[in-house]
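See structure below.
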Amino acid sequence: MHIEYFLRYNFQLILGAWRRKIRVIYKGKEKEVEKDRVQDFLKSIGAVAIRVDGRACDLSILSELQQGATVEAILPDEPEGLEIYRHSTSHIMAHAVKELFPDAKVAIGPAIEDGFYYDFDVPAPFTQEDLERIEQKMQEIIKANTPFRRKTMKRDEAVEFFRKRGEQYKVELLEEMEDDEVSLYEEGDFIDLCRGPHIPSTGYIKAFKLLNTAGAYWRGDERNKMLQRIYGTAFSDKKKLKEYLDFLEEVKKRDHRRLGKELDLFSINEEIGPGLILWHPEGALIRKTIEDFWRDEHLKADYQLLYTPHIAKLNLWERSGHWNFYRENMYSPMEIEGINYEIKPMNCPFHIAVYKSALRSYRDFPIRYAELGTVYRYERSGVLHGLLRVRGFTQDDAHIFCREDQIEDEILRVLDFTLFILQTFGFSEYQVYLSTRPEKYVGSLENWERSTNALKLALEHKGLNYEVDPGEGVFYGPKIDIKVKDSLGRQWQCSTIQVDFNNPERFDVTYRGPDGKEHRPIMIHRALMGSLERFFGILIEHYAGAFPLWLSPTQVGVITVAERHVEYAERVLKRLKDEGIRARGYFDNEKVNYKIRQASLRKIPYLVIIGDREVQSGELPVRKRGRVQSGPYRLEDFIKRLKEEIATKSLELNI
RNA sequence: GCCAGGGUAGCUCAGUCGGUAGAGCAGCUGAUUCGUAAUCAGCAGGUCGUGGGUUCGAGUCCCAUCCCUGGCUCCA
């Protein structure tokens, strides 16, 4: 898309050669534009800014351009243009807020992924009505079409300027800047410290909406004052804004907490405790199906399955370093017979203990231990969120013990395995991140170097594009994180693969090498789905509650028309169940429509309705989820098709 | 943990100025035996999150506390 715009709108200014006229290449055609009219021309194609020799600038600098400069239009439809556009909208919002709340102090107001925000220091939080008033005021400012003007000031001068206006946050920002000279943007009565660039005038904004308010710490530090943040979004036209608002609606509809309740999949109970999940029968059935799949595939992939306890002596975590690094997020120890025990926050020490239960040889390698291990971590109350952020969850954990020269191969295997598992659930787009050494770490720099390289090599070998996340590694080693894209295009981090040189040392893990001497193995920690609870939440939203056949808790609904059909329908139901198909009968004395509605609300993939015709013909017409008719099929044929679709874990309903 | 909003029947929600708590769905009972997204009638269902206070009287006002929601911070 950017290429297209580049071709269509890229043009060159060659000043001097034509003095008054400028050669413009526009839509593939060369034409001359009066120098004075270039700005109008750019406006006519909707450019929000220009890129001069690759740097984004205001349109207004056209008059100062040097000879031979290459100028490219930045449009609001490309990422950089949209960012400028939204950033300008945040200024307009701040302007409106200052008009309505003159005592408000402004903090920062950047463009973000889907819009923008601005933080204010105000005595009372904004209400919904305030937002409406601010929106109104913004409309007025946009209608007035006031220009954004860039000004420059010496830094000290700017400090003085903002101090006089009582804008202490701007003063604080300025005082930490290195530059001698800073830029300010003035737009009507509003002036703000800003790097820019900005749109030429407020009238450029065609579609925006203020979305919500929230408290936010100044500079994101919880020791600082809590400011009031207003989130909003802006798009280059009303249609795109509407699409985005519709998307937000769809997100709401798919909310796993709502669907979890509607479909009776799980619940969280205040009396049990926040962040602790109760899996209801239908949710538990889905989980069982996922777990069976997971175990089968792990056995096929030469993993060995383990079960380990839920509590253990605290000194294990002291030894691993977790107590030191994550004490805040671990539950308080409990004293048993004078010794402190801890509910487990992770599984590794147990797997290490299994490893150490016998003398290991290099010939045994790689040793792959896998466990669906339930762990408990204390999460602060404000961060809990449905299934996505909980206090007790089950990791699909594994620890691979191997020699250093086996790391790359093992990582490659794990990568392939991960992608296979994720694809089975319909996640086919990924974003891969390589997280490197964090500020607080343990182990030698050399080990960090080597393990980071091993991860890098594996990724390159696999031909996966990845981004480096500097400093985001775990304290004991670097990691690869994989984010999947769901059916709404949202990204979720599930899989993580971590190299660990540290724990084998701390726990004195060894193996006997070909030389007959003791050596230190390395460990790879990995989780594919991450946490079953969280993954389930993501799946609910990904499928909007309409699970593919193999995962559906009820796969077939059998509905009778009248009481006289029940006997036959019972036989059909039993036959389906005997074949291992999760079928459910709707035989109560209700109208067909009512029973179809009940089953449809449950998002059951296939329904068969049994009336006189079916009893007589012995054939079953099938109603697919989404009101599509299929068939009719003989019962045996229907069963065969169901089994086929379940076995292949098809994402679509194919019958 | 912090800022804000919220918590009323199993679910979704109404409840005016402080005056003795209401609807739809679900549940139960009965009638109806019906052909592709809600048949009709009746019945039952509540310490208004919890604890305290103000008041003749609190779902409503005040305080505390728990939980939920949106963010912030955090996430082995």
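Keep in mind that the numbers below use all heavy atoms, side chains included, and drop hydrogens, waters and symmetry copies. Chain A is the first sequence line, chain B the second, and so forth, proteins listed ahead of strands; every chain is numbered from 1.
- Toward the 5' end of RNA chain B, the nearer of the two residues A:Ile610 and A:Asp221, judged by each one's closest nucleotide, is A:Ile610.
- Taking the C1' atoms as reference points, B:rA58 lies 10 Å from B:rU54, given to the whole Å.
- Residues A:Asp121 and A:Tyr169 meet the side-chain proximity criterion, which asks for heavy atoms closer than 4.5 Å.
- Rounded to an integer number of Å, the gap from CD of A:Glu328 to P of B:rU73 is 18 Å.
- As the counterpart of B:rG22, B:rC13 is assigned, both hydrogen-bonding distances of the Watson-Crick or G-U wobble pattern falling under 3.5 Å.
- Out of B:rC67, B:rG71, B:rA76, the shortest distance to the side chain of A:Pro274 is found at B:rC67.
- The separation between A:Arg602 atom CZ and B:rA26 atom P is 13 Å, rounded to whole Å.
- Within the 4.0 angstrom heavy-atom criterion, only backbone atoms of the sugar-phosphate kind lie near A:Gly220; the bases stay farther away.
- A:Met93 is not listed as a side-chain neighbour of A:Phe208, based on a closest heavy-atom distance of 4.5 Å or more.
- Between A:Asn593 and B:rU36, a side-chain N or O to OP1/OP2 separation shorter than 4.0 Å is absent.
- If you check every strand for non-hydrogen atoms under 4.0 Å, A:Tyr476 touches sugar and phosphate atoms only.
- Using Watson-Crick or G-U wobble geometry with both donor-acceptor distances under 3.5 Å, B:rA31 finds its partner in B:rU39.
- The separation of B:rA14 from B:rA9, taken at their C1' atoms, amounts to 13 Å, rounded to a whole angstrom.
- Heavy-atom distances to RNA chain B give each of A:Lys261 and A:Val474 a nearest nucleotide, and the one nearer the 5′ end belongs to A:Lys261.
- Across all strands shown, the partner of B:rC72 is B:rG1, judged by Watson-Crick or G-U wobble contacts whose two distances both fall under 3.5 Å.
- Taking atom CG on A:Leu601 and atom P on B:rA37, their separation rounds to 12 Å, with Å as the unit.
- When the side-chain nitrogen and oxygen atoms of A:Ser381 are compared with OP1 and OP2 of B:rG1, one or more of them lie within a distance under 4.0 Å.
- If you check every strand for non-hydrogen atoms under 4.0 Å, A:Phe475 touches nothing.
- As judged by a 4.0 angstrom heavy-atom cut-off over every strand, A:Tyr594 is placed among residues touching the sugar-phosphate backbone only.
- The nearest whole Å value for the distance from the CD1 atom in A:Ile272 to the C1' atom in B:rC68 is 16 Å.
- Within the 4.0 angstrom heavy-atom criterion, only backbone atoms of the sugar-phosphate kind lie near A:Leu384; the bases stay farther away.
- The distance from atom CD of A:Glu262 to atom P of B:rU12 is 9 Å, rounded to the nearest whole Å.
- Heavy-atom contacts from other residues, nucleotides or ligands closer than 6.0 Å to NZ of A:Lys313 number 12 or fewer.
- If you take atom C1' in B:rU12 and the same atom in B:rG27, they sit 16 Å apart, rounded to whole Å.
- Both distances falling under 3.5 Å, in either a Watson-Crick or a G-U wobble arrangement, occur for no nucleotide opposite B:rU47.
- Across all strands shown, A:His385 has heavy atoms under 4.0 Å from sugar-phosphate atoms exclusively, and none from any base.
- The CG atom of A:Asn212 sits 16 Å away from the P atom of B:rA4 (whole-angstrom rounding).
- Here A:Val383 lies in heavy-atom contact (under 4.0 Å) with a base.
- At B:rA37, one or more side-chain N or O atoms of A:Arg623 fall inside 4.0 Å of OP1 or OP2 (strictly under the cut-off).
- Within the 4.0 angstrom heavy-atom criterion, base atoms lie near A:Arg613.
- Rounded to whole Å, atom P of B:rC74 lies 16 Å from atom CD of A:Gln493.
- A:Arg257 comes within contact range of the sugar-phosphate backbone alone, with a heavy-atom separation under 4.0 Å but no base atom that close.
- Looking at heavy atoms from C-beta onward, A:Glu614 lies out of side-chain contact with A:Glu619 at the 4.5 angstrom threshold.
- Proximity of A:Arg389 to the phosphate of B:rU69: no side-chain N or O atom is located under 4.0 Å from OP1 or OP2.
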